[in-house]
Amino acid sequence: MRLKFWVLLFALFSVSAFAQNTALRGKVVDAESGKPVQGVAVLLKERQVSTMTGSNGVFLFDQLNPGLDMIEVKSTDIFPLDNNVTIRKGKNDIGEIKVKMRINAGMDDGAVFIFSENQIDEDESQSNTTANLMGASDDVYLRTSSFSYSPMRFNVRGYSPEHASTYINGVSFNDGERGRFNYSMLGGMNSLFKQKDIAYYSDASSFGFGSIGGSTNIMTNASQYAPGGSVSLAATNRAYVLRGMGTFSTGLMQNGWAFTGGLVYRWSKEGAWDGTFYNSWGYFFGAEKVFNERHSLALTTFGAPTQRGQQGAVTQEVYDLAGDIYYNPYWGYQNGKKRNSRVVDSYDPTVVVNHTWKIDNVTNLKTGIGFHYNNYSSTALGFYNAPDPRPDYYRNLPSYDPESANAELIADLWRNNPRYSQVDWDALYQANYRNNTLYPNENAKYMVEQRHNNLMEGSLNSTFNTRLTNKLKLTIGVDAQLTKGMHYKTMNDLLGGNLWVDIDQFAERDFPNNPSVIQNDLKNPNRIIKEGDKFGYDYDMNVSRLSAFAQNEWNFRKFDLYYAARFSYTSFNREGHMQNGRAPLNSYGKSKLYYFMDPSVKAGATYKINGRHWITANALAETRAPLANNSYVSPRIKSTIVPNLQQEKVLSYDLSYNFSFPFVKGRVSGFRTHILGSTEINGYYHDDYRTFINHMMTDLDKLYQGVEVGATFKLSPSFSLTLAGTYADYKYTSNALGIVSPENGSFSDVIEPVMTKDLRLPAGPQTVGSVKLDYFHPKMWFADITLSYFGRNYLDFAPSAYVQSLYETYTAEQKAVLGTQEELKDGLILDASVGKLIYLPMKRSLSINLSLSNILNNTKMVTGGYQQGRIDLTNLTKFPAKYYYAQGFSFFLNMGYKF
Amino acid sequence: MRKLRNIFSIIFATTLGLSGCTPDYDAPKPDESELPEATNTIAEVKSNFMKSDWLVSNNESSSRYKDLFTVYNMDASESVTINGIVISTDRGGNTYKKLVIRDPKDGSAIDISVDASGVSAFYPYGQAVQVTCNKLQIGKYADLPVIGTTYVNAEKAGRVEVGRMNWLSAQNAIKSYGMPNPELAKPLEVTVPEVLAGNEKYRSQLVTIKNVEFGAYYQGSGLSYFPSSIFKLVKAGDKIPFSETNDLNVPVSRGIQDANGNIIPVTTSSYAKFASELLPMGKYNVTAIVGWYRDNSIKEGNYQLSVQEFKDIVSAE
């Protein structure tokens, strides 16, 4: 029955017809320098067909119907233009289209990238989706959200990153284990990754089925880059302080080869947050051989070895004691130098090989294979039978015992002595030295461990595009991906100690007489660990994904229509390389294989009232296999799967009114998305149980709904005004099934409902609005100023505070403190930028751009954080929430030279 | 092309220069500092400050606690320091959130109560320390002198007592000098009657008592605690653990008896690593900290030994 359905479906997509040839050719050039502009999207609005300019600035449409149309050119680099065009039967050449370059576009996205990286950096789970839509230049709302909202961890439509699809040259790069695209792999080399084909939300794209959060295809074929070079130097006061970058492209040479290379370096000794540092290289190399009109082969490789110090969320009490939102608990002095205990090392070398086969004028087959190996690790302090070394440990704060005679003394020590307000590295070394003196063959007291989350992935994509008639396009694609996620920890630094023993020190207290239960690896009991050795846990997640999709796009005079269907197969299992003493029968070796089959369908239609305004509607329905990352209860320990493991059910629909008049263009949309049966992971350290506790929630239903508006008014040739904003509602619509699992095994896993219904998703601000004034002077001066409002941002809640047994017995006071989600403070942020482009002889140019963010230095904006998982029913404020603040005033100054 | 090369080489040079700035840390050197002179001995501090001039509370409202739970400030105008060698260790899990120091000059000893587990990581057995007393409190906890901080015990009807000092104040007040030397922390060799003689000399001292046998207290058919009249030596077939691991937080008392029938309790926390070890038969030399506990003025107090690690129980045969 199933099979019949798919056969029928493919038959439906494969309606074929004959086509006649009418073509339109043109060339996009920089009005000032006359240089060709590559990577510009060219759109025939009536016919709803689009193409891109090549490195010579040339574009070509064929298989057209004669008649009137409106041609539009747009990209991140230029000010968009549109013009009427008459297409006659046969070949049409409209000559050069002269465009004005937009210098701040390219550089703004540099600035945006820093914000996005900050967010990825701080906490992987908190990265947002706006980065995915960067470069969405022709949608007023999305452009504004990616530029102005990302510092507040804004998520477009509230979607998490796994709901946005990112491809590189048509190859899917959302990883198989966590479902996300790793933005840091690009290394901040924005200028080489800015050519993108973007499908907004669930809209049709020519490269993949996509997701509700949009699809982005980053294009890096070497022949796509305009010949020439660029160097730039940027100074800022954010995560890094300096960036140097150089790129060079040959363009497509006579011999059919094209090469592009780039190098970037970003650095800071200390970033905006105390004790953070940044040290990152990035390289890029692309080569392409165009064999003939039909075949070309391209290779792209890039990577960004990066080391950086992290910043941690702390409670308001700590911020107040430190007197500063830039306080960071992770660093401390060692021999007078600042050392960060949380250092991220990441390097995700990537290779993509693409073959493009233009089968005929209207048909092509694009095939790509991608491979990347993400080396990601972050360090953290560990301790054994010794006082907790974290300076913001709650017992080390004045609030722990405010009545104590020493509360004031503690506050004083905390305020005035970095030995107490930061990590006291020197003391940790001395503790280890003392331990060595007495017990040279025993566990060190303190150490730095390195937690590795590596990922090896190979992907294959093949997409077939053809125009079956001048009204119908067909796209068929297949996609295969093999992923191995590798998770383990190694001993990074024994801090002068002699050795470490591979047992769970937190289980030791609970099982004093059971030497086997405390073992992390029963196959190597009490193993002696030295620096560089693996210990603690070591497991892989093996994920395979396979999918095929087909899509039809119809273009009529008044209507456009598309529909697409995909079928996906996903399987995964866990493979343990250690036999854990807390789960001896359920930790070692390959676990059972779980597999899922997921259908997806989507459709959309555009009704063209006329060329100036049109209405679009989109809908998507699918099931999604659970992510391997979310499917195990305590994956570091055992292979136990979450109860009721299930696929997510997604139903999403939206309706938009779009307008494009000479004086105003923009869009108004309403959207609603239901996601049912989703699973989330949470974890926290519980100091009473002395263990890390995993608290999974499954059976979660979520609703995302709202309106979004974006409009740009052309006030005069020089001034334009942009209004954008959203009012949305992202919430849980059901209670969840929760599973509490302690890693030290001090109690058995507990299954209990979590009262999540009507809680808000911690998806960033749910009300956002901004006003932006743009200025452009014909002598190539640019300036803009933006005022943005952020409100209705909700703090991430702790499932442990909402478990049914507690929640239903809360007193009014307990409910107010523990059982009520905190709404974060709303506020305004003012940004501005100014830029100048100077044309030099020989088609060279110099650009200078300065962006100023949060000019009013609003240091009261909390971007997020979390309610602590530990709760104390007698002292309700004992474990208050921890917050992250948005950076106050910052600048980004970039100078670029193109030749 | 040459210009291009120049530009790239400049970028390379600057970035390479910067990348030399990757953080790199030297390990601190082991502490070789020597213990400075102290202003007072432990005995002097006890007698100087545990007087009415420095009194914070003597729980006057409850005759039960009066003189047994007291707190005194040590906020003298001049710096008051004491030296000590740490004679305690929390490695065995039986000494918890405290350290015990012995004055290298006159041999007097005192408990220091600290609100952190694993304090022996900073102040291990044999470590020379200097304690700056000025911002700390001293007092009696169940009649045993302790340095700590003022604590209002809500569970005991607001009894004001000397409690555990915050870990930050402990680090601020207690400084270690040099590496630990166990030779300096050797136990005193004493007999059961000497400890029981009632003078305060051995309270908070680390002692070794030789040639004793283990036993337990029985009430009817079950195990109990105190008094000596219900004490019986371990016999073949008995399987009595040092502590009961199923009842956390409550220390359990067994005892030792010398050849003359003198008995002293041995108290073990359920968190001790040797809590489930069985009381051995035969003669042993036992090293332990001498505790004293009297929480009610109308009742007698008890001496109780606290064995710190299982290795401190050594066969005497």
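Chain identifiers are assigned alphabetically (A, B, ...) following the order of the sequence lines, protein sequences preceding nucleic acid strands; residue numbering begins at 1 within each chain. Treat the numbers as computed from the prediction; the structure is a model and nothing was measured.
Heavy-atom pairs under 4.5 Å with chain A were tallied for B/V119, B/D115, B/V152; the largest tally goes to B/D115. When each of A/D426, A/L428, A/L438 is scored by its heavy-atom pairs under 4.5 Å with chain B, the top score falls to A/L438. No other option in A/E442, A/R339, A/K337, A/Q334 has as many heavy-atom pairs under 4.5 Å with chain B as A/R339.
Remark: the backbone N or O of B/S306 is not paired with any side-chain donor or acceptor of B/N94 at under 3.5 angstrom. In this structure, the side chain of B/R102 engages the main chain of B/L184 through a donor-acceptor pair within 3.5 Å. One N or O on the side chain of B/N134 and one on the backbone of B/A76 form a donor-acceptor pair closer than 3.5 Å. In this structure, the side chain of A/D872 does not engage the main chain of A/K878 through any donor-acceptor pair within 3.5 Å. In this structure a side-chain-to-backbone donor-acceptor pair under 3.5 Å is missing from B/S33 to B/Y177. A donor-acceptor pair under 3.5 Å is absent between the side-chain atoms of B/T81 and the main chain of B/T132, judged by distance alone.
With a threshold of 4.5 angstrom between heavy atoms, B/S120 does not approach chain A through any atom at all. Heavy atoms closer than 4.5 Å to chain B are found in the side chain of A/Y384, but not in its backbone. Both the backbone and the side chain of A/I410 come within contact range of chain B, judged by heavy atoms closer than 4.5 Å. Heavy atoms of A/N340 lying under 4.5 Å from chain B belong exclusively to its backbone. Within the 4.5 angstrom heavy-atom criterion, only side-chain atoms of B/Q127, from C-beta onward, approach chain A. In this structure, chain B has no heavy atom under 4.5 Å from any part of A/N435.
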Side chain to side chain contact (heavy atoms under 4.5 Å, CB included) assessment of B/F122 paired with B/I174: CA-CA 10 Å; B/F122 275 57; B/I174 311 168; over 6 Å; no
Before you tell me yes or no, could you show the steps for B/R164 and B/V114 under side chain to side chain contact (heavy atoms under 4.5 Å, CB included), namely the whole-Å CA-CA distance, both residues' side-chain angles and the distance that decides it to 0.1 Å? CA-CA 4 Å; B/R164 292 169 181 151; B/V114 177; 5.8 Å; no
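The side-chain contact (heavy atoms from CB on, under 4.5 Å) test with B/V100 is passed by exactly one of B/I289, B/T89, B/V146: B/I289.
Aromatic rings from B/F49 and B/Y72 are positioned such that their centres are separated by 6.0 Å or more.
Among residues 386-395 of chain A, the residues having any heavy atom closer than 4.5 Å to a heavy atom of chain B are, in sequence order, A/A386, A/P387, A/R395.
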